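Each remark here refers to the structure printed beneath this line.
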Amino acid sequence: MLEIAGLGHRYDDGHQAVAGVELHVARGELVSIVGPSGCGKSTLLRCVAGLQRPSEGRIAVGGRPVDGVPDDLAVVFQDYTRSLFPWLTVRDNVALPLRRRGLARAQRREQALAALAQVGLDGVAGKYPWQLSGGMQQRVAIARALAYRPALLLMDEPFGSVDAQTREDLEDLLLSVRGGADRGGGSEDRGGMTILLVTHDIDESVYVGDRVVVLTGAPGRVHSELRVELPAPRDQIVTRGLPEFVKLRAEVGRAVRRP
Ligand SMILES: Nc1ncnc2c1ncn2[C@@H]1O[C@H](COP(=O)(O)OP(=O)(O)OP(=O)(O)O)[C@@H](O)[C@H]1O
């Protein structure tokens, strides 16, 4: 689904943010990306999203080289304050990208409302983003990405601004929309999404991931990869208490702290 080979990116000021990144992601896989601050996680995601042209290497999505923003892709950025249109209602923000899907107005609305319900925001469809809290705005951005039902979903620290309980609910939502073999129930009719999730939360990276990729910094490169084989369905209380979970979490923690 996603092939990254020899990816390097140097910013205009000469700073080499990532170098020699190799990453292959299978269709339906959820790959968590962790690493110290500044190691190039966002740079990597922006290159995959076609928002930044890499200085070296190749990226292909669904077998096609990335040259501009791929069609069947959605991104949830860290900074929700810049991602919603203040002059559109919450529902219209979520429904807007669905025009690219060629859906009729009624169907766009229906899909938008369903996605808002998925993130627990059914009650605010008619409000404007600026009438919502920061955490709610971020959930609107997540709903917009989910409503689009992209083949590839890129998320950059998407749960940073939401409360702990909502964060757990959103993690479980991700598990239900990804396309892995051990779906947590209710997978999408298109066979599920492939998801790349950047997170600072090591527990989260293991809980939702089929695989955790650890990046090391200056310049960012892949330090190690850990396959997560935890029983399905995953459960916030049960899974996090399993000895395998505790072991994996420690391994990821060691890799992040002592590269
Ligand atoms: N536009 C830019 N111009 C120059 N350097 C940049 C630019 N954007 C990012 N960098 C640098 O590139 C490196 C990687 O940044 P990036 O934002 O990709 O890291 P990150 O791992 O996502 O960080 P964080 O976890 O703090 O969000 C950092 O050293 C950063 O200062």
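Just so you know, residue 1 is the first one in the sequence shown, and it goes up from there. When reading the values below, keep in mind they use all heavy atoms of this one structure, side chains included, and skip hydrogens, waters and symmetry mates. Keep in mind the model is a prediction, meaning the values are calculated, not measured. Order of listing sets the numbers, starting from 1, for every ligand and every atom in it.
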Give me the pairs of N or O atoms, one from ligand 1 and one from the protein, that sit under 3.5 Å apart.
from: ligand 1; atom 1: 18 (O); to: Ser42; atom 2: N; distance (Å): 3.4
from: ligand 1; atom 1: 18 (O); to: Thr43; atom 2: N; distance (Å): 2.9
from: ligand 1; atom 1: 18 (O); to: Thr43; atom 2: OG1; distance (Å): 2.5
from: ligand 1; atom 1: 19 (O); to: Gly40; atom 2: N; distance (Å): 3.2
from: ligand 1; atom 1: 21 (O); to: Gly38; atom 2: N; distance (Å): 3.4
from: ligand 1; atom 1: 21 (O); to: Cys39; atom 2: N; distance (Å): 3.1
from: ligand 1; atom 1: 21 (O); to: Gly40; atom 2: N; distance (Å): 3.0
from: ligand 1; atom 1: 21 (O); to: Lys41; atom 2: N; distance (Å): 3.0
from: ligand 1; atom 1: 21 (O); to: Lys41; atom 2: NZ; distance (Å): 2.9
from: ligand 1; atom 1: 22 (O); to: Ser42; atom 2: N; distance (Å): 2.8
from: ligand 1; atom 1: 22 (O); to: Ser42; atom 2: OG; distance (Å): 2.8
from: ligand 1; atom 1: 23 (O); to: Gly38; atom 2: N; distance (Å): 2.9
from: ligand 1; atom 1: 25 (O); to: Lys41; atom 2: NZ; distance (Å): 2.7
from: ligand 1; atom 1: 25 (O); to: His200; atom 2: NE2; distance (Å): 2.8
from: ligand 1; atom 1: 26 (O); to: Ser37; atom 2: OG; distance (Å): 2.6
from: ligand 1; atom 1: 29 (O); to: His15; atom 2: NE2; distance (Å): 3.1

Throw together a table of side-chain donor-acceptor distances under 3.5 angstrom for residues 103-115, partners on residues two or more places apart or in other chains.
from: Arg108; atom 1: NH1; to: Leu103; atom 2: O; distance (Å): 2.9
from: Gln111; atom 1: NE2; to: Ala147; atom 2: O; distance (Å): 2.9

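Across Gln78, His200, Gln138, Lys41, a single residue satisfies side chain to side chain donor-acceptor pair (under 3.5 Å) together with Glu157, and that is His200.
Ring-plane geometry between Trp130 and Tyr128 is classed as parallel, the angle between the planes falling under 30 degrees on a 0 to 90 degree scale with a further cut at 60.
No side-chain donor-acceptor contact under 3.5 Å links Tyr207 and Ser32. No side-chain N or O of Thr166 forms a donor-acceptor pair with one of Asp169 less than 3.5 Å apart.
In this structure a side-chain-to-backbone donor-acceptor pair under 3.5 Å is missing from Thr239 to Gln236.
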